[in-house]
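Each remark here refers to the structure printed beneath this line.
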Amino acid sequence: FRIRKNVLEYDDVMNTQREVIYAQRQKVLDGEDLRENMMSMLRSLVDSNVTTALSENGGVADEDGLTRLAAMMEGIYFAKGTLLGRSNQLIGQKADAVSDTVYDICRNTYAAKENAYTPAVMRELERVVMLRVVDEYWMDNIDAMDDLKQGIGLRAYGQHDPVIAYKEEGYEMFQAMIAAIREETVRRMFLVRVAPQQEVKRQRVAK
């Protein structure tokens, strides 16, 4: 009975994760407008990168911090040399102000791409990229959660409840997956290129 109860609790964790992911996938498959989602994910990415880059100087921009930030973002989210070209404006600014400036630069890059491809094509590209990234990372997470379940029973030998350990580590893995999906989706949207006359279609990576 205890084994069966544990199996059900393990399944409940996966079912909860599955509901979250499938709800997101369904929005994409139904053709929901994802532009605001993209901008929200972009903002999270910018905030995270700025915080990391400026951490060594107490969250205040200096030349080294801007160089680290440029290494993370230039050539993908905006042209090389953009940050150093604005160093006089940014040096001495706190992380929040730097994030606002960098986010505006990224939005301008995104808007220029949208103008080149047309809004209709960009909306469909957002759906295509989001669906592919979610499917790829979700499949990896299923495998990782299965591996975790196989090995979690060993925790019982260390006086740890394996079900509680599974829930806690599964939650951390899920949160890490969500963050990775956000970052990878935005990165691919800035890198993706559409050839002339190429049709943009939504396709599941797997059932």
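For L66 against A61, the heavy-atom pair with the smallest separation is CD2-CB, 4.3 Å. A pairwise comparison of heavy atoms in R18 and N15 identifies NH1-OD1, 2.7 Å as the closest pair. The minimum heavy-atom distance between V50 and A95, with the atom names listed, is CG1-O, 3.7 Å. Contact between A144 and M173 at its shortest, heavy atoms only, is CB-CE, 3.4 Å.
Here the side chains of N49 and M73 are in contact, with some heavy-atom distance below 4.5 Å. Using a 4.5 Å heavy-atom threshold, the side chains of L69 and V102 count as touching. Side-chain contact between I178 and I21 is present, with at least one heavy-atom pair separated by less than 4.5 Å. Residues I181 and M177 meet the side-chain proximity criterion, which asks for heavy atoms closer than 4.5 Å. Within the 4.5 Å cutoff, the side chain of D143 has no heavy atoms near those of the M139 side chain. Residues V28 and E126 have side chains not in contact (no heavy-atom distance under 4.5 Å, counting atoms from C-beta outward). Side-chain contact between N37 and T185: absent, with no pair of heavy atoms (C-beta onward) separated by less than 4.5 Å.
To the nearest 0.5 angstrom, M14 atom CE is 9.0 Å from F174 atom CZ. We find the NZ-CG distance between K113 and N108 to be 15.0 Å, quoted to the nearest 0.5 Å. The distance from the CG atom of D30 to the CZ atom of R127 is 10.0 Å, given to the nearest 0.5 Å. Once rounded to the nearest 0.5 Å, the distance linking CD of E32 with NZ of K27 reads 5.5 Å. With values rounded to the nearest 0.5 angstrom, S48 atom OG is found 11.0 Å from R182 atom CZ. The SG atom of C106 sits 5.0 Å away from atom CG of L42, with the distance rounded to the nearest 0.5 Å.
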Test side chain to side chain contact (heavy atoms under 4.5 Å, CB included) on T118 and V121; report intermediate values, then the result.
CA-CA 6 Å; T118 75; V121 171; 3.4 Å; yes

D64 and N57: side chain to side chain contact (heavy atoms under 4.5 Å, CB included), yes or no, with the steps?
CA-CA 9 Å; D64 288 341; N57 195 41; over 6 Å; no

Could you go step by step and tell me if Q93 and V60 meet the side chain to side chain contact (heavy atoms under 4.5 Å, CB included) rule?
CA-CA 6 Å; Q93 295 275 1; V60 177; over 6 Å; no

With side chain to side chain contact (heavy atoms under 4.5 Å, CB included) as the criterion, how do L125 and V194 come out once you've worked through the C-alpha distance, each side chain's angles and the decisive distance to 0.1 Å?
CA-CA 9 Å; L125 269 175; V194 179; 3.6 Å; yes

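By the rule that hydrophobic residues join a cluster once side-chain heavy atoms approach within less than 4.5 Å of another member, V20 and Y22 end up as members of one cluster. Criterion: ILVMFWY side-chain heavy atoms under 4.5 Å apart, direct or through other members. Under it, M41 and I76 are part of a common hydrophobic cluster. If you chain together hydrophobic residues whose side chains sit under 4.5 Å apart, L29 and L34 fall into the same group. Cluster annotation: V134 and I142 are assigned to the same hydrophobic cluster (Ile/Leu/Val/Met/Phe/Trp/Tyr, side-chain heavy-atom contacts under 4.5 Å, transitive). In the hydrophobic clustering of ILVMFWY residues, with side-chain heavy atoms under 4.5 Å counting as a link, L191 and V129 come out together.
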Donor-acceptor list for residues 77-86 side chains, cut-off 3.5 Å, not counting sequence neighbours:
from: T82; atom 1: OG1; to: A79; atom 2: O; distance (Å): 2.6

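A salt bridge links E114 and R123; the closest N-O separation between the charged side-chain nitrogens and carboxylate oxygens is under 4.0 Å. A salt bridge links R43 with D100: the distance from a Lys NZ or Arg NE/NH1/NH2 to an Asp or Glu carboxylate oxygen falls below 4.0 Å. A salt bridge links R188 and E184; the closest N-O separation between the charged side-chain nitrogens and carboxylate oxygens is under 4.0 Å.
Enclosure of atom CG in D140 by more than 12 non-hydrogen atoms of other residues, nucleotides or ligands within 6.0 angstrom is indicated. Environment of CD in E56: sparse, with no more than 12 heavy atoms of neighbouring residues, nucleotides or ligands closer than 6.0 Å.
A donor-acceptor contact shorter than 3.5 Å links the side chain of T67 to the backbone of E63.
For residues 34-70, the set of pairs meeting the ring pair (Phe, Tyr, Trp, His ring centres under 6.0 Å) definition, not counting sequence neighbours, is empty. Applying the ring pair (Phe, Tyr, Trp, His ring centres under 6.0 Å) rule to pairs touching residues 84-129 yields Y110-F190, sequence neighbours excluded.
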